[in-house]
Peer 1: 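Below is a structure I'd like to ask you about.
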There are 6 protein chains.
Amino acid sequence: MDSNRYSRGQQTLERIHGPIGAGVMDALKDIAPDFARFIIEFPYGDIYSRGVLSPKERQIATIASLTTLGSASPELKAHIQGALNVGCTRQEIVEVIIQMAVYAGFPAAVNAIFAAKDVFAELDKNEPPK
Amino acid sequence: MDSNRYSRGQQTLERIHGPIGAGVMDALKDIAPDFARFIIEFPYGDIYSRGVLSPKERQIATIASLTTLGSASPELKAHIQGALNVGCTRQEIVEVIIQMAVYAGFPAAVNAIFAAKDVFAELDKNEPPK
Amino acid sequence: MDSNRYSRGQQTLERIHGPIGAGVMDALKDIAPDFARFIIEFPYGDIYSRGVLSPKERQIATIASLTTLGSASPELKAHIQGALNVGCTRQEIVEVIIQMAVYAGFPAAVNAIFAAKDVFAELDKNEPPK
Amino acid sequence: MDSNRYSRGQQTLERIHGPIGAGVMDALKDIAPDFARFIIEFPYGDIYSRGVLSPKERQIATIASLTTLGSASPELKAHIQGALNVGCTRQEIVEVIIQMAVYAGFPAAVNAIFAAKDVFAELDKNEPPK
Amino acid sequence: MDSNRYSRGQQTLERIHGPIGAGVMDALKDIAPDFARFIIEFPYGDIYSRGVLSPKERQIATIASLTTLGSASPELKAHIQGALNVGCTRQEIVEVIIQMAVYAGFPAAVNAIFAAKDVFAELDKNEPPK
Amino acid sequence: MDSNRYSRGQQTLERIHGPIGAGVMDALKDIAPDFARFIIEFPYGDIYSRGVLSPKERQIATIASLTTLGSASPELKAHIQGALNVGCTRQEIVEVIIQMAVYAGFPAAVNAIFAAKDVFAELDKNEPPK
């Protein structure tokens, strides 16, 4: 195991997703432990740890992609939260999703808006906006 | 016809795609003139003319989405060129596409890289990099 | 705001979806009010208000598309109800979905049939068929 | 082999696609003869031979689905021609495709419009419109 | 009705899915009885009853396809159970899904792993592994 | 750089794709050298080098997935050739593709059959079957 990629990946995962990321990895570990390791090493250790794009730009790209896929609702919610964690505003996240109506169609965008609404409502429940 | 949305859309289309955008609109006009107008009015007049995201951030989102779709090669090439026009570097465009391997799979990312390679080669042919 | 497109869109939305359409728009309004407006203006004000195709033919096309997408279950149910509202029979809706097995595969068609079954069951609960 | 389904399928294939349908079946026969038979028997013998929807309504559904898929350009062109053969007008075909911008996104609709343009141009070359 | 294809399909459906397959067919029968018959006749009577590939190889292909689609969760679960029924191990099923991260992206693979986890947990609840 | 994963990946790439694999990597290297390395390391070094499934079973899964995607024709052809290289027969490859008509629809399967036909014809041109 490449401890370098793995530890770098864990730090990036933690920075983007907080403790929720570790929870998903734990849920994968009993059924597919190598896959949990691959996720930490490749997307987070190899890709998200690279420079060139800012963390915010990377989340914009990811939200665009997950909205376009249409069938990855848990990952979309995780990355909407991740986008907030790295400095995107709610308005920016909503704006990326609206733009996706042009490329992925209105249903994909509408469903992603409702996913964002769920994430924001959950946050407001725990810590009401002032 | 809403001349406001239309003229705003034409300017935005021109800023992103240059004369190539007008060429695609002309090619649509004899078969589906209303659809050509809708494209200028809605994606360009309504969406790309909004604030919140910078033109560069919007192209990042679009390239992510078109790479994810996998089946929109002409539009992907047009927006790779558009991303360069609004200030993305080649390296940033390549980086967005690489990240899509995580969400849309490696074939979608590989094919998008080759689309970018075509766009860059075409540019270098017309105006060789120093 | 183009009051013409907007009011035409509202009427078309109401004709196809009844009060449920307005409910979805309301749910969008607090998080993405401009997007709610775009949905009324573009799909309903610009597209569904055109002639050439009958309202029934438009719903056939939409149910075919949403069944093919596979990941837009709420919209599919809304348009199954919409198809009934503009004069499609239950049998015609089922028939469009069955045909989609050929193009989008059997899982997409089976899941859409079960979506239709849910919509029909909900209707029968409120107003049992004679 | 169910000669009933097969001969019914052949007639329906011929009615929708003319001699081009038989050509595609011939191209499949040397590599996958059973699959060629399945195509005649199931989509054409079982599905397109049913009532409930008119041939025109079935082509509307198919063009909507193939436009939505985005990656089935040869089949889309074959069914655009098929739609003309069963009585759709060019304007109706274009209208179905435009509506798909709402559900499958603008790139899918734009590419389908250009597919229709190719089919219509090919027809006009062979038999110029008066 | 081709009783040969139908009875062959019923046996194949029973061999792969056990009584659950019959349950799905029953749920389809009141709304779309012909479609229930088509499913038994074509996928099970025509396709899964063919030789060339072993039942295990066919399930590998199906799990790969349903993981790639991303939006067919009920069918994926049914075929994960079906793969176990025809002799795939849990480890082999997980391995096919992991490989799909390469082609369909990580979200599609992660969601399919969680679908497998649900199926395995349901089995262990009814009959705990020794 | 993890030389272990990289050299293991190169060997696996060579075993599956022969010299063509190296050619694709070379074509990627000038525009996206890190991505070329990631492809060798992750899909080939991490995934295809694992046990549990036989090389033949892995190609069956990959052909199923690429046929389902529908928009990855170059990769599909590369893996049809790869499947032959690891011991699949032409008939088995065709059979996997036919089965995909059930899950991904007939157009996806038909287009994949024609991709296989192209690969087989190219092989026969270079080395005619006896």
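A note on names: the letters A, B, ... follow the listed sequences, proteins ahead of strands, and every chain is numbered from 1.
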Peer 1: I need the residue from Ser65(C), Ala64(C), Ala72(C), Ala101(C) with the largest number of non-hydrogen atom pairs under 4.5 Å to chain D.
Peer 2: Ser65(C)
Peer 1: Inspect the contact between Lys56(C) and Glu57(D) and indicate whether a charged nitrogen and a carboxylate oxygen are less than 4.0 angstrom apart.
Peer 2: yes
Peer 1: For the rings on Phe42(C) and Phe106(D), is their centre-to-centre separation under 6.0 Å?
Peer 2: yes
Peer 1: With the threshold set at 4.0 Å, does a side-chain nitrogen-carboxylate oxygen contact exist between Glu95(D) and Arg58(C)?
Peer 2: yes
Peer 1: Tell me which of these, Met100(D), Gln99(D), Glu92(D), has more heavy-atom pairs under 4.5 Å with chain C than the rest.
Peer 2: Gln99(D)
Peer 1: How far apart are the C-alpha atoms of Asn85(C) and Arg15(C), what are their side-chain angles, what is the distance that settles it, and do they pass the side chain to side chain contact (heavy atoms under 4.5 Å, CB included) test?
Peer 2: CA-CA 8 Å; Asn85(C) 294 347; Arg15(C) 190 173 60 241; over 6 Å; no
Peer 1: May I ask you to say whether Asp34(D) pairs ionically with Lys29(D), meaning some side-chain N is under 4.0 Å from a carboxylate O?
Peer 2: no
Peer 1: Which of the residues Asp46(D), Thr62(D), Ile63(D), Ile47(D) is involved in the greatest number of heavy-atom pairs with chain C at under 4.5 angstrom?
Peer 2: Thr62(D)
Peer 1: Checking Thr89(C) against chain D: side chain, backbone, both or neither under 4.5 Å from a heavy atom?
Peer 2: neither
Peer 1: Between Leu66(C) and chain D, which part of the residue has a heavy atom less than 4.5 Å away: side chain, backbone, both or neither?
Peer 2: side chain
Peer 1: Among Ile39(C), Val102(C), Leu53(C), who wins on heavy-atom pairs under 4.5 Å with chain D?
Peer 2: Leu53(C)
